[in-house]
Amino acid sequence: PTAQQRRDLSDASGFRSLLRDGPFLAVTGLTLLYLCSYQQVLFGLPVAMTHDGLKPSAYGIISLINAIGVVAFQPLLQPWIDRRAPLVVCAAGSIALGLGMGGNLGSRQSLVGYGLAAVVWTLGEVLFFSGVMTGVERLAPADARGRYAGIWASTMGLSALIAPLVSSAALDTGGPELMWTTSFSL
């Protein structure tokens with residue numbers, strides 16, 4: 001190809017075109033909101049569980065429920081996921097995550113209550129990530145899939161910066177109830 005053809009190809013699949021891709025930017029922004037809510041499992045949940053008088057080992061049990069749930073739900077849900085549009089799957093996952101986070105609301109949550117909420121948010125995790133990865137791949141031009149995936153994946157790191165700020169502010173201002181309400185709202 002000539003120099004002009006290489007520039008045209010580069011402009012078509014470069015960062016400038018990616019940053020003008022409205023549907024991709026919308027999915028990336030919604031992913032950031034989703035992940036800021038989901039990250040409360042890592043940042044806010046241990047504090048909330050301690051606030052509720054649970055031992056540190058209880059957090060390990062919830063983490064185990066989440067890990068087993070991912071492994072168990074994926075093959076069970078895959079036929080349903082395969083028959084749906086990726087954004088429908090993402091929406092279902094976001095709703096399940098919100099319900100799971102909202103399930104943590106209560107004056108004093110028990111280990112059983114946290115466990116049931118974890119099953120619901122794990123369902124949301126499996127659905128959302130199954131749908132969003134397919135959606136990003138379909139939105140990206142063939143010669144820019146890596147670039148699109150890289151920009152989309154940066155939301156994970158960005159949410160790990162934002163989520164602790166959100167959970168800390170919510171916990172300081174209104175306790176676990178405000179943190180879970182904020183997570184549910186996202």
Side-chain angles (χ1 to χ4, degrees), residues 30-84 86 88-136 149 152-172 174-186:
L30 292 171
T31 298
L32 180 61
L33 291 175
Y34 173 92
L35 288 171
C36 284
S37 178
Y38 182 78
Q39 293 277 16
Q40 298 315 317
V41 171
L42 301 174
F43 299 112
L45 179 62
V47 176
M49 292 178 79
T50 299
H51 179 270
D52 287 340
L54 298 171
K55 295 180 180 179
S57 60
Y59 179 72
I61 291 168
I62 299 304
S63 295
L64 184 63
I65 289 169
N66 176 252
I68 290 170
V70 168
V71 172
F73 282 145
Q74 188 64 51
L76 295 174
L77 292 171
Q78 198 59 53
W80 185 88
I81 291 167
D82 289 343
R83 291 189 307 272
R84 306 292 182 292
V88 170
V89 176
C90 287
S94 295
I95 290 167
L97 175 75
L99 292 173
M101 293 298 164
N104 289 315
L105 288 168
S107 55
R108 284 192 62 83
Q109 186 67 277
S110 67
L111 180 59
V112 171
Y114 279 116
L116 293 172
V119 169
V120 176
W121 83 56
T122 300
L123 173 66
E125 176 184 3
V126 169
L127 290 171
F128 184 83
F129 282 106
S130 295
V132 77
M133 292 306 301
T134 301
V136 168
W152 174 83
S154 70
T155 60
M156 292 179 198
L158 190 54
S159 71
L161 294 171
I162 296 169
L165 299 173
V166 171
S167 61
S168 297
L171 287 164
D172 284 346
E177 290 78 19
L178 181 58
M179 184 193 66
W180 294 127
T181 301
T182 302
S183 295
F184 172 76
S185 301
L186 288 174

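Reckoned from all heavy atoms, side chains included, excluding hydrogens, waters and symmetry mates. For the single chain, residues carry numbers from 1 onward in sequence order.
Here the CG atom belonging to L32 is positioned 11.5 Å from the CE atom belonging to M156, to the nearest 0.5 angstrom. Atom CG of L64 sits about 4.0 Å away from atom CD1 of I68, to the nearest 0.5 Å. Interatomic distance, OG of S159 versus CG of L33, reported as 10.5 Å (0.5 Å rounding). Rounded to the nearest 0.5 Å, atoms CD1 (I81) and CG (L127) are 5.0 Å apart. Between the CE atom in M49 and the OG atom in S57 there is a gap of 8.5 Å [rounded to 0.5 Å]. With rounding to the nearest 0.5 angstrom, the CD1 atom of I162 is 9.5 Å from the OG1 atom of T155.
In the displayed structure, F184 atom CZ is contacted under 6.0 Å by at most 12 heavy atoms of other residues, nucleotides or ligands.
Using modelled atom types, one finds no donor on one side chain facing an acceptor on the other under 3.5 Å when comparing N104 with Q40.
Annotation for P176 and H51: closest pair CG-ND1, 3.5 Å, computed over non-hydrogen atoms. When all heavy atoms of P79 and L76 are compared, the closest pair comes out as CD-O, 3.6 Å. Heavy-atom minimum distance, G100 versus A117: O-CB, 3.3 Å. Contact between L97 and W121 at its shortest, heavy atoms only, is CD1-CB, 3.8 Å. Contact record, W80 with A92: CH2-CB, 4.0 Å, taken as the closest heavy-atom pair. For V41 against Y59, the heavy-atom pair with the smallest separation is O-OH, 3.1 Å.
Here the side chain of S167 pairs a donor or acceptor atom with the backbone of P164 at under 3.5 angstrom. Remark: side-chain polar atoms of D52 are paired, donor with acceptor, to backbone N or O of Q109 under 3.5 angstrom.
Using cut-offs of 30° and 60° for the angle between ring planes, the F129 and W152 rings count as perpendicular.
Taking the side chain as every heavy atom from C-beta outward, L123 and L77 approach each other to under 4.5 Å. Inter-residue side-chain proximity for S130 and V126 is flagged as met; some heavy-atom pair is nearer than 4.5 Å. Contact annotation: the side chain of T31 approaches that of L35 to within less than 4.5 Å [non-hydrogen atoms, C-beta and beyond]. The shortest distance between side-chain heavy atoms of Y114 and L45 falls below 4.5 Å. Inter-residue side-chain proximity for E125 and N66 is flagged as met; some heavy-atom pair is nearer than 4.5 Å.
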Does the side chain to side chain contact (heavy atoms under 4.5 Å, CB included) test come out yes or no for Y34 and V132, once each step is laid out?
-> CA-CA 11 Å; Y34 173 92; V132 77; over 6 Å; no

Give the C-alpha distance, both sets of side-chain angles, the deciding distance and a yes or no for side chain to side chain contact (heavy atoms under 4.5 Å, CB included) between L111 and I62.
-> CA-CA 8 Å; L111 180 59; I62 299 304; 3.9 Å; yes

